[in-house]
There are 2 protein chains.
Amino acid sequence: MKQISRFSHFGELSDKDYFRIALSVDCVIFGFEDGELKVLVIKCNIKEYKGMWSLLGDLVKPDEDINSASYRILKERTGLDDVYLEQVHTFGKVNRHPAGRVITTAYFSLVNIKDHQLKLSDNELHWHPVKDIAEMAFDHKSILDTCLDRLREKVDDQPVVFNLLPKKFSLRELQSVYEAVLNCELDRRNFRKKFFMMDWLVDLNELEEDVPHRPGKLYKFNAAKFAKKAKKIS
Amino acid sequence: MKQISRFSHFGELSDKDYFRIALSVDCVIFGFEDGELKVLVIKCNIKEYKGMWSLLGDLVKPDEDINSASYRILKERTGLDDVYLEQVHTFGKVNRHPAGRVITTAYFSLVNIKDHQLKLSDNELHWHPVKDIAEMAFDHKSILDTCLDRLREKVDDQPVVFNLLPKKFSLRELQSVYEAVLNCELDRRNFRKKFFMMDWLVDLNELEEDVPHRPGKLYKFNAAKFAKKAKKIS
DNA sequence: CATTTAATGTGTATTTTTAACACATTATTG
DNA sequence: CAATAATGTGTTAAAAATACACATTAAATG
């Protein structure tokens with residue numbers, strides 16, 4: 001009685017049964033502002049979670065790569081085009097979405113908040129301090145937690161935090177990003193030493209301006225060092 | 001002209017458009033045998049990849065958690081019930097499956113090959129040395145590579161390799177699992193020192209048998225130390 | 001039973017990495 | 001010109017990772 005299935009090699013159900021699941025992508029977009037790590041959230045407009053914060057997400061289109069879907073969401077919502085984005089985990093509890101079966105793949109992204117103040121005030125979009133979010137719509141809090149954990153692992157050995165900063169930054173700013181992400185205090189001297197040792201920074205021979213104290217030097221990320229394949233000879 | 005959608009809050013397409021994607025789970029099941037890391041594969045039976053090795057996978061059922069789906073696959077295919085399983089990555093290229101749009105979530109698993117020789121010879125199931133697999137059906141080679149990378153990161157700081165061994169094992173066996181996974185040679189003295197330091201092992205006060213040389217002591221994994229939450233005071 | 005074999009079991013010195021820590025300097029503010 | 005609030009710099013100690021050699025033991029051999 002079973003109908004012939006395109007996926008008969010998979011198992012016993014008919015095609016129809018398998019197309020009752022929708023797939024979405026949710027983006028945890030991290031930014032850094034006022035010394036705090038923030039996440040871009042939006043007021044939820046479905047009745048079950050009315051008024052609660054939720055992540056930016058959308059359903060994946062049938063002819064769309066999931067990675068492309070995540071870039072599309074970022075582009076549509078923040079206007080940013082060329083940003084850091086990494087897949088983290090797929091959340092597939094049966095009842096995670098009240099409207100039906102939706103499995104979602106979570107990505108995290110790192111952006112420089114100043115770069116897109118434009119598109120922001122449009123909706124109910126909002127940069128929320130990560131520390132202060134206790135509750136979110138759907139399973140989004142647990143998605144956020146998972147992405148934050150991944151971010152913390154990542155910053156320990158890969159040069160990704162630069163995506164949170166403007167092109168030019170001081171060592172103080174860099175350190176405070178790390179402190180915000182890792183939620184800890186770091187020793188300033190060891191921090192500087194480590195970064196010069198790793199050769200991740202390029203000295204721009206410029207100084208901070210408009211600070212009420214001795215200005216610090218400005219640096220940029222040594223992108224050349226990480227272009228495509230890391231050079232063997234440093 | 002658009003039809004009313006359950007997912008209208010997501011975007012602009014109608015429900016119908018979003019249910020053209022199927023979701024599957026693929027399991028990279030690692031085992032250890034003859035000093036080699038192996039992966040459980042099956043001869044592919046769809047025409048585009050006829051005869052090539054593929055991973056064990058199945059479509060996720062509409063009322064099934066994706067994690068449950070991965071456990072189900074493992075149970076169905078290997079008979080094993082209580083095994084280590086970890087989600088790694090979701091692969092969502094549009095044309096990764098010739099039969100249609102199938103997005104797949106990859107899990108890796110660690111099992112003791114000896115524990116389930118039974119169900120094996122059934123089909124075209126086969127334990128294949130990981131080193132020797134150059135090509136696989138679909139994007140399964142890249143799934144395998146991704147899972148192997150993850151496994152290598154994991155074994156560095158978490159006690160997971162014990163899942164590849166029988167309950168009782170010698171330090172030599174333990175070391176050779178690490179060497180097989182990491183594809184490198186380790187110093188025997190430092191290896192032993194490190195494991196005793198970490199307190200991951202329980203000395204069983206038993207010796208190997210039937211070895212043509214001085215028998216080594218047998219140990220088991222110190223599971224108590226990692227029960228639920230790691231104890232603070234060791 | 002003595003010898004050979006092939007592994008196990010053990011400790012120390014060296015190097016590298018990480019962590020702890022204090023004071024002089026500089027531009028701005030008042 | 002004094003006070004402020006940060007920047008910039010080096011050394012020492014502790015911890016972790018690495019390199020390395022020899023005596024011991026049970027089984028197998030003749």
Side-chain angles (χ1 to χ4, degrees), chain A residues 32 34-35 152-159 161 165-166 168-220 222 234, chain B residues 32 34-35 152-159 161 165-166 168-220 222 230 232 234:
Chain A
F32 178 72
D34 304 325
R152 284 176 174 160
E153 288 169 16
K154 194 91 185 177
V155 299
D156 258 355
D157 50 13
Q158 289 190 254
V161 298
L165 289 170
K168 303 175 178 188
F169 51 84
S170 67
L171 270 171
R172 175 67 224 161
E173 288 174 295
L174 184 62
Q175 181 176 339
S176 72
V177 175
Y178 273 89
E179 291 177 334
V181 168
L182 299 172
N183 193 30
C184 69
E185 295 201 343
L186 301 172
D187 181 273
R188 197 161 54 88
R189 283 159 295 185
N190 293 334
F191 183 85
R192 302 167 70 88
K193 203 189 317 171
K194 184 178 163 193
F195 273 83
F196 292 137
M197 192 86 81
M198 293 190 299
D199 190 34
W200 284 9
L201 301 178
V202 176
D203 187 339
L204 292 171
N205 289 308
E206 291 177 61
L207 295 177
E208 286 180 296
E209 280 171 21
D210 303 317
V211 285
H213 54 76
R214 175 178 177 180
K217 283 182 155 190
L218 292 178
Y219 299 86
K220 67 172 184 179
N222 184 0
S234 67
Chain B
F32 178 71
D34 303 326
R152 285 176 173 158
E153 287 168 17
K154 195 90 184 179
V155 299
D156 258 356
D157 50 14
Q158 289 189 255
V161 297
L165 289 168
K168 302 175 177 187
F169 50 85
S170 67
L171 270 172
R172 174 68 224 163
E173 288 173 296
L174 184 60
Q175 181 176 338
S176 71
V177 176
Y178 272 89
E179 292 178 334
V181 168
L182 298 173
N183 192 30
C184 69
E185 295 201 344
L186 300 172
D187 181 273
R188 198 162 53 88
R189 283 158 295 185
N190 293 334
F191 183 84
R192 301 166 73 87
K193 203 190 315 173
K194 184 178 163 191
F195 274 83
F196 293 137
M197 192 85 81
M198 293 190 301
D199 191 33
W200 284 10
L201 300 177
V202 176
D203 187 339
L204 291 171
N205 290 308
E206 291 178 61
L207 295 178
E208 285 179 295
E209 280 170 21
D210 301 318
V211 286
H213 55 76
R214 175 178 177 181
K217 282 181 154 189
L218 292 178
Y219 299 87
K220 67 172 183 178
N222 185 0
K232 275 205 170 168
S234 67

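The sequence lines fix the lettering, A, B, ..., with proteins before strands; numbering per chain opens at 1. Remember, predicted model here, so these are calculated numbers, not experimental data.
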Can any side-chain N or O of E173(A) pair as donor or acceptor with the backbone N or O of S170(A) at less than 3.5 Å? yes
Rounding to a whole Å, what distance do you find between E209(B):CD and dA26(D):P? 13 Å
What does the list of N/O pairs under 3.5 Å between the protein and nucleotides 14-16 of chain C look like, with a distance for each?
none

Closest non-hydrogen atom pair between E179(B) and L186(B), with its separation: OE2-N, 2.9 Å
Kindly indicate, with the supporting measurements, whether the criterion side-chain contact (heavy atoms from CB on, under 4.5 Å) is fulfilled by K194(B) and M197(B). CA-CA 5 Å; K194(B) 184 178 163 191; M197(B) 192 85 81; 5.5 Å; no
Apply the side-chain contact (heavy atoms from CB on, under 4.5 Å) test between Y219(B) and each candidate in V202(B), L204(B), L174(B), L171(B); give the one that qualifies. L171(B)
Whole angstroms only, please: what is the NZ-P distance between K194(B) and dA15(D)? 19 Å
Taking every non-hydrogen atom, the tightest pair across R152(A) and V181(A): NE-O, 2.8 Å
Just by protein heavy atoms under 4.0 Å, how would nucleotides 4-11 of chain D read 5' to 3' in B, S and -? -BBBBBBB
So that I know where these two stand, are F169(B) and F32(B) an aromatic pair - ring centroids less than 6.0 Å apart? no
For N222(A), which of D203(A), L201(A), D199(A) qualifies under side-chain contact (heavy atoms from CB on, under 4.5 Å)? D199(A)
Go through it in stages, so that I can follow the logic: the residues are R192(A) and R188(A), the test is side-chain contact (heavy atoms from CB on, under 4.5 Å), and I'd like the CA-CA distance, side-chain angles, deciding distance and then a yes or no. CA-CA 6 Å; R192(A) 302 167 70 88; R188(A) 197 161 54 88; 4.3 Å; yes
